[in-house]
Amino acid sequence: MPELPEVETVRRTLENLILNKRVTKIEVRYPKIIQTDVSDFNRILGQKIHRIDRLGKHLIFILDHDVLLIHLRMEGRFFLRDKDTALNKHEHIGFQLDHKQVLIYHDVRKFGTMHLYSIETYLSESPLAKLGAEPMTMDVNSLYDQVSKRKTEIKAILLDQTVISGLGNIYVDETLFRAKIHPTRLGISLSKLEVENILMAAREVLHKAVLLGGTTIRTFEAMDGVHGRFQNELLVHTKVGEPCPVCGTTIIKMKVKGRGTYVCPRCQN
DNA sequence: AACGAAACCTGCGCGC
DNA sequence: TGCGCGCAGGTTTCGT
């Protein structure tokens, strides 16, 4: 599902629901989600959830001594239910909280991941160690330095989480449309001003999307019943065959590095 | 070093 | 109705 705005929506929702609760039981039905030894994973038992952070698309549960890192990938979702309700199909992990409720991890495609690290080391371990800055804190010069030395298409560069974190397929399309840059332009071909326009557009898009609770496309909900409203603000993504909101030219869909990509062939060049 | 394709999974919609 | 194919908001791994 999720790019930065959707993960932020999940984070805020969870923050209101499970903060300061203690994990009293864990049920793991599909262990491959867990990248840590399952025996180590049981260290979570008895620990309290003190804080829920987010970096890029990663959810970060701060516990007493450890940190649980969760990546929802394409379709990971959470549900909160009363305990003693059995896990259904596609529900792979259950965290019982305070002997009362269960936080359920639901993931049809089973792509999601969880890592457990000590609170001292998690920032320098695998998923977070190489993560790039988010658009809101990214420095223009730093982004230009990285982009201008790459001979790959700009869309692929913006999807590279080690360069800049939080953007995915939807928001990259929306960002490049607003910056009037074609997704197949090579990084090395972009001027400083163009990179600056891209960064400003990314900030604007993400800011607005966070305010609206993210984008709901297909089946994604932040949590059970929590829908985003940014899909009403999409200008190009999913708009194939429709007129460009700026110039009226028909929006086309193409493949860029294997990803479905929506572009106005007139505005973006 | 850097890039692209394949792999990880399942379900859905489409054309035949 | 059934089958096969392509597609899906992400990332890692493998081969070139």
Side-chain angles (χ1 to χ4, degrees), chain A residues 1-10 29-35 54-59 69-78 88-93 105-115 125-132 134 145-177 183-184 186-188 202 205-206 209-210 212-223 226-241 253-262:
Chain A
M1 64 174 225
E3 306 176 41
L4 187 151
E6 290 75 33
V7 179
E8 176 62 17
T9 301
V10 174
R29 297 196 17 191
Y30 188 78
K32 285 182 75 175
I33 302 278
I34 297 166
Q35 310 294 302
R54 179 193 55 70
L55 277 178
K57 305 173 188 174
H58 299 263
L59 276 173
L69 304 176
I70 300 160
H71 198 302
L72 305 170
R73 294 293 175 95
M74 301 288 265
E75 301 190 10
R77 297 157 68 171
F78 281 107
N88 298 324
K89 193 180 184 189
H90 301 142
E91 297 178 347
H92 309 305
I93 299 171
Y105 180 71
H106 176 288
D107 188 344
V108 171
R109 290 173 75 181
K110 302 176 178 171
F111 281 178
T113 58
M114 297 190 189
H115 291 79
E125 300 276 3
S126 137
L128 300 186
K130 307 174 303 168
L131 199 64
E134 298 180 356
D145 285 347
Q146 298 186 73
V147 167
S148 61
K149 70 178 64 153
R150 294 252 237 143
K151 59 169 189 120
T152 316
E153 294 159 328
I154 183 61
K155 174 158 183 175
I157 301 174
L158 296 176
L159 287 172
D160 182 343
Q161 303 297 298
T162 68
V163 173
I164 186 168
S165 63
L167 296 171
N169 206 33
I170 293 177
Y171 296 112
V172 165
D173 281 2
E174 292 297 310
T175 292
L176 289 173
F177 173 77
T184 62
L186 302 188
I188 199 172
V205 165
L206 292 184
V210 167
L212 293 176
T215 301
T216 302
I217 291 183
R218 298 165 63 96
T219 59
F220 168 68
E221 301 168 30
M223 295 218 348
V226 179
H227 291 262
R229 299 182 304 286
F230 190 76
Q231 65 274 15
N232 303 320
E233 310 293 321
L234 295 176
L235 298 180
V236 284
H237 195 84
T238 73
K239 305 295 187 186
V240 60
K253 183 178 183 183
M254 58 189 297
K255 285 271 188 193
V256 178
K257 292 290 187 289
R259 310 297 302 276
T261 300
Y262 300 83

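Numbers restart at 1 for each chain; the letters A, B, ... are given by sequence-line order, proteins then strands. Both backbone and side-chain heavy atoms feed into the values below; hydrogens, waters and symmetry mates do not.
- In this entry the distance linking NZ of A:K257 with C1' of C:dG10 reads 17 Å, nearest Å.
- For the P atom pair drawn from C:dC7 and B:dA5, the interatomic distance equals 14 Å after rounding to whole Å.
- Backbone-only contact: A:K89 has heavy atoms under 4.0 Å from sugar-phosphate atoms and none from a base.
- Atom C1' of C:dG10 sits at a distance of 22 Å from the matching atom of B:dG13, rounded to the whole Å.
- Listed nucleotides B:dC9, C:dA8, C:dT11 differ in distance to A:Y30; the shortest reach to its side chain belongs to B:dC9.
- Annotation: side chain of A:T215 is not in contact with side chain of A:E3 (no heavy-atom distance under 4.5 Å).
- In this structure, A:I170 places its CD1 atom 10 Å from C1' of C:dA8, rounding to the nearest Å.
- A:H71 and A:H58 have perpendicular rings, their planes meeting at more than 60° on a 0 to 90° scale where under 30° would count as parallel.
- A:K57 is not listed as a side-chain neighbour of A:L72, based on a closest heavy-atom distance of 4.5 Å or more.
- When heavy atoms are screened at a 4.0 angstrom cut-off, A:K130 is found touching no nucleic acid atom at all.
- Relative to the side chain of A:N169, the nucleotides C:dT11, B:dT10, C:dG10 differ in distance, and C:dG10 lies closest.
- Rounded to whole Å, atom C1' of B:dT10 lies 14 Å from atom CZ of A:R77.
- Here B:dC9 is the nucleotide among B:dC9, B:dG11, C:dC7 with the atom lying nearest to any side-chain atom of A:K32.
- Rounded to an integer number of Å, the gap from OH of A:Y105 to P of B:dC9 is 13 Å.
- The residue A:G258 sits apart from the nucleic acid: no heavy atom pair falls under 4.0 Å.
- To the nearest whole angstrom, the two P atoms, one in C:dT11 and one in B:dG11, are 23 Å apart.
- Taking atom CD of residue A:E3 and atom C1' of nucleotide C:dA8, one finds them 12 Å apart after rounding to whole Å.
- Listed nucleotides C:dG10, B:dG11, B:dC3 differ in distance to A:H90; the shortest reach to its side chain belongs to B:dG11.
- Between A:P5 and A:Y171, some side-chain heavy-atom pair lies under the 4.5 Å cut-off.
- The separation between A:I188 atom CD1 and B:dC3 atom C1' is 15 Å, rounded to whole Å.
- Distances were taken from every side-chain heavy atom of A:K253 (C-beta onward) to each of B:dG11, C:dG10, C:dA8; the shortest belongs to C:dA8.
- For the pair A:K155 NZ and B:dC3 C1', the computed distance is 17 Å after rounding to whole Å.
- B:dA6 and C:dC5: their P atoms are spaced 15 Å apart (whole Å).
- Judged by Watson-Crick or G-U wobble contacts below 3.5 Å, the nucleotide C:dT12 has B:dA6 as its partner.
- The side chain of A:T152 sits closest to B:dC3 out of C:dA8, B:dC3, C:dT11.
- Going from atom CZ of A:F111 over to atom P of B:dT10 covers 9 Å, rounded to whole Å.
- Remark: C:dG6 base-pairs with B:dC12. Criterion, Watson-Crick or G-U wobble with two distances under 3.5 Å.
- Picking from B:dT10, C:dG10, B:dC3 the nucleotide with the shortest atom distance to the side chain of A:R73 gives C:dG10.
- The aromatic rings of A:H106 and A:H90 stand perpendicular to each other, their planes meeting at an angle above 60°, with 30° marking the opposite boundary.
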